Number of protein chains: 2
Amino acid sequence: MGKPTITDLARAAGVSVTTVSHAFSGRRHVEPETRRRIEALAEEIGYRPNHRAQRLRTGRAGSIALVSSMPFAVAAGPSRLGFLMEIAAAAAVTAFSRGISLCLVPPLGPRDSLEALEVDGAIVVEPERDDPVLDFFSDRGVNIVCIGRAPGRDDLPFVDLQSGATARLLLDHLFSGNSNVGLITGQQRRNSYIEMEAAYAARIEETGASPTAIRIDENGGEQAAAEAAERLLRAEPSISALCVPVDAFATGVLDAARALGRRVPEDLRLATRYDGMRAKLATPPLTAVDLHLDHVAAAAVDLLLAHLGDGATTPQALAPPTLVVRPSSTASKRSNSARSPDGRSRA
Amino acid sequence: MGKPTITDLARAAGVSVTTVSHAFSGRRHVEPETRRRIEALAEEIGYRPNHRAQRLRTGRAGSIALVSSMPFAVAAGPSRLGFLMEIAAAAAVTAFSRGISLCLVPPLGPRDSLEALEVDGAIVVEPERDDPVLDFFSDRGVNIVCIGRAPGRDDLPFVDLQSGATARLLLDHLFSGNSNVGLITGQQRRNSYIEMEAAYAARIEETGASPTAIRIDENGGEQAAAEAAERLLRAEPSISALCVPVDAFATGVLDAARALGRRVPEDLRLATRYDGMRAKLATPPLTAVDLHLDHVAAAAVDLLLAHLGDGATTPQALAPPTLVVRPSSTASKRSNSARSPDGRSRA
DNA sequence: GCGTTCAAGCAAAACGATTTGCAAAAGGTA
DNA sequence: TACCTTTTGCAAATCGTTTTGCTTGAACGC
């Protein structure tokens, strides 16, 4: 015969299945001595509750999904992967520590391939406006939590990526060098771009400078950014600093600068958002923002769980994003002795 | 009332639940016209089969796990993450295209935290000898497929990482420059280290050179490697090339070389294994091996599925690993015009 | 007209747990 | 003793499928 069931265990212990169930779940009191006997016996005969049966009965799936709204395979590639995967790793750890597992969901191609998915809730990373992923889960009655506000969906709970603060951090830094600052964001309408553009517009308004902001299709990746940046820098040679939140775009800008013979940071100061491998290992290393993605991921898991009414651990407050200054943006007059000059030591 | 069940659908269609079930599964013939009516009606009333019930009945979980035997959070950190996550992304895509989902499993801390996991099978990435992860799944009767042979577990199916070929590729390249080649591997007993060490020993035997091989605890990460490499290079100043399969160790070696004033590649040639961000973006970019991890991941998923008797897609043959020569190992006499000199263009 | 076969569909038994309502025993009070 | 309350445990219903026999009715050969 197969694996022992709760019935086998009950028979062995000389009690009913109800009692066994209660002994494990604690939903009702059972005589401590009885419980101990049951537990010992369970261990002995190797009983383990059947999750599939539990799930049918309770209606819980015991797992959540982590979804990127951006294709894995698309050009933004390894870098974007870094962002998502840093979240994935932390989310997996948190989820498992809460007793649920985490499914990594690739972008939905043919819509029905996601049918297989069976989850209690989903964490969607930086959705764009009208993101089909959101509809997919909404349709199925799956709880959603976003990382980064979902544009146009104020009904959805989210963990704040603090994009406004991040934007101001970067812009404060770049504008401080008395530079003529340009902006390169993504074409997709993600909240972080929207807030970045708003902060930039506010800055421009304040200083009376002339705005130089362009958008690039994320799918073009590094190369599209390099081409666009080259055109931009030719057209507007007075630009002396660029805020480029997408790190793949930022390295593209580095290529463009090299092609144009403009040194970074002496002739062009540069800063990006996600402080990943790419920013850290670029030449020169890129000024970036530590978004505390591990905390963000953990908070997202806990927020989702709270919405599921499960483990009501109160999501703790998030630390504000912090600027990590690296050589790519040190003001040209000053020496390279800014904090964390090499950007590699803490990798 | 809640979501429509198969019973509701059967009633609506004026047939029995059996017929509905057969209409969807195709296990028995149903009148084409009846089937069409059922399908249309299903669409109309919004019926979707309950996965939990299906799973209880069929005994399939509909998902597989991807497990790293190495802690996420441990010092090897972002780099190791790259390796695992590159596999995770590709595996997720393949798995979903086969109609099953993929759970990302963090390392097991307290053993029971993994209890929540409910999968049909597990892919374990580069297990070490006596890896507890393997026992965990074996105990539970979960099918296992490894990426990279599991040392001491010849019973387990695996997707070959072709570590022997990889080792020879790297060693051929380094020895070709008439260099005095040293080796730095990891202390853990993973198959790739074992095969690398064997290939190195064979080389030494052949050439009559004196061996200089050390092992470093993976948990020490980049810094431990830097310290060990510095000691090694001081003790054996004649070493003119280092084979360092772990990329985090390789960048550590770069630091050590810098500290000792040895230029790479002029004074010290260097090559690593995993061709990730780290290798590509290092200064100078590191010679590495393209392991075709995306194919490996896909093959692992298909192999696992084959063992589950599910989608018996024959795993296609794997492409051999290919050397990607970068400036870190170009022989000192030659110019830097080896193929792919900058290592960034194809990122 | 009689057996045989086949197609199409149905009723009911699993799958293995949780949960509800009820019963027996135990203790407390009047 | 009678009555009420609490504790402890049980039997049976339930979750929504899949799957196994079993019934029809029709087609077929003879």
Side-chain angles (χ1 to χ4, degrees), chain A residues 1-39 41-42 45-63 99 115-118 120 140-141 309-310, chain B residues 1-39 41-42 45-63 99 115-118 120 140-141 309-310:
Chain A
M1 45 161 266
K3 287 183 54 173
T5 74
I6 197 174
T7 313
D8 300 327
L9 178 54
R11 190 161 24 230
V15 298
S16 76
V17 294
T18 314
T19 307
V20 175
S21 177
H22 289 331
F24 283 123
S25 70
R27 299 267 305 168
R28 278 200 197 167
H29 189 81
V30 325
E31 188 72 4
E33 201 226 331
T34 313
R35 149 175 319 195
R36 256 189 301 279
R37 198 174 71 242
I38 291 175
E39 279 167 355
L41 226 40
I45 68 175
Y47 167 75
R48 256 191 288 271
N50 181 318
H51 286 125
R52 289 182 274 262
Q54 285 179 319
R55 280 162 200 183
L56 170 57
R57 186 57 232 235
T58 62
R60 307 210 91 83
S63 63
E115 284 300 344
L117 198 62
E118 171 69 21
D120 294 321
R140 279 160 187 71
D310 206 49
Chain B
M1 42 163 269
K3 288 183 53 175
T5 74
I6 196 174
T7 313
D8 300 327
L9 178 54
R11 191 163 22 232
V15 297
S16 75
V17 294
T18 313
T19 307
V20 175
S21 177
H22 288 331
F24 284 123
S25 70
R27 299 265 305 168
R28 278 202 198 168
H29 188 81
V30 326
E31 188 74 3
E33 202 226 329
T34 314
R35 150 175 319 196
R36 258 189 299 280
R37 199 175 71 241
I38 292 176
E39 280 166 354
L41 226 39
I45 69 175
Y47 167 75
R48 255 192 287 272
N50 181 317
H51 286 125
R52 290 182 274 263
Q54 286 180 317
R55 280 163 200 183
L56 170 57
R57 184 58 230 231
T58 62
R60 307 211 92 84
S63 63
E115 284 301 342
L117 198 64
E118 171 68 20
D120 294 321
R140 279 160 185 71
D310 207 49

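Note that the coordinates shown come from a computational prediction; the quantities given were computed from them, not determined experimentally. A note on names: the letters A, B, ... follow the listed sequences, proteins ahead of strands, and every chain is numbered from 1.
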- Message: Heavy atoms from C-beta onward define the side chain here; which of C:dA17, C:dG9, D:dT19 lies closest to that of B:S21?
- Response: D:dT19

- Task: For D:dT8, take OP1 and OP2 only and decide whether either is under 4.0 Å from a side-chain N or O of A:H29.
- Result: yes

- Query: Which nucleotide in the set D:dG9, C:dA8, D:dT8 lies at the smallest distance from any side-chain heavy atom of A:T19?
  - Reply: D:dG9

- Item | B:S21 versus B:T18, side-chain donor and acceptor atoms under 3.5 Å | no

- From C:dC10, C:dG21, C:dT18, nucleotide with atom closest to A:I6 side chain: C:dT18

- Result for 5'-nearest mapping on DNA chain C, choosing between B:H22 and B:L56, is B:H22

- Query: Donor-acceptor pair, A:D120 side chain versus A:R60 backbone, under 3.5 Å?
  - Reply: no

- With a 3.5 Å cut-off and just heavy-atom distances, do the side chain of B:R35 and the base of C:dG9 make a donor-acceptor pair? no

- For B:T34 against B:T19, the heavy-atom pair lying closest together: CG2-CG2, 4.4 Å

- Query: Please give, in whole Å, the distance from C:dG21 C1' to A:R27 CZ?
  - Reply: 15 Å

- Query: For B:E118 and B:S63, which heavy atoms make the closest approach, and how far apart are they?
  - Reply: O-OG, 3.2 Å

- Report yes if a donor N or O on one partner sits less than 3.5 Å from an acceptor N or O on the other, where the partners are the side chain of A:R28 and the base of C:dG21; otherwise report no. yes

- Between C:dG16 and A:Q54, is there an OP1 or OP2 to side-chain N/O distance shorter than 4.0 Å? no

- Figure out the CZ/C1' separation between B:R48 and D:dC15, and round it to whole Å. 19 Å

- Which part of the nucleic acid, if any, lies within reach of A:F24 when heavy atoms closer than 4.0 Å are counted: base, sugar-phosphate only, or nothing? nothing

- Task: Give a yes or no on whether A:R27 atom CZ has more than 12 heavy-atom contacts from other residues, nucleotides or ligands under 6.0 Å away.
- Result: no

- If you take atom types as modelled and just measure distance, does the side chain of B:R57 reach the base of D:dT17 with a donor-acceptor pair under 3.5 Å? no

- Between CG of B:N50 and C1' of C:dA17 the distance, given in whole Å, is 14 Å

- Task: Round to a whole Å and report the spacing from CD1 of B:I38 to P of C:dA8.
- Result: 13 Å

- Which nucleotide in the set D:dT17, D:dC10, C:dG9 lies at the smallest distance from any side-chain heavy atom of A:S16? D:dC10

- Message: Minimum heavy-atom separation for A:R52 and B:L56, please, with both atom names.
- Response: CB-CA, 3.9 Å

- Message: Please report the distance, rounded to the nearest Å, between CZ in A:R52 and P in C:dC15.
- Response: 13 Å

- Find the distance A:R55:CZ to C:dC15:P and express it as a whole number of Å. 20 Å

- Message: On DNA chain D, does the nearest nucleotide to B:P49 precede the nearest nucleotide to A:T34 from the 5' side, or the other way round? Give the residue.
- Response: A:T34

- Query: Considering only heavy atoms and no angle criterion, is a donor-acceptor pair shorter than 3.5 Å present between the side chain of B:T18 and the base of C:dA11?
  - Reply: yes

- Message: Tell me the interatomic distance from B:K3, atom NZ, to D:dC15, atom C1', rounded to whole angstroms.
- Response: 14 Å

- Note on the structure: note: B:D8, atom CG; D:dT17, atom C1'; distance rounded to Å ~ 13 Å

- With sugar-phosphate meaning primed atoms plus P, OP1 and OP2, does B:S25 contact a base, only sugar-phosphate, or nothing at under 4.0 Å between heavy atoms? nothing

- Item | First of B:A53 and B:V17 reached from the 5' end of DNA chain C, by closest nucleotide | B:V17

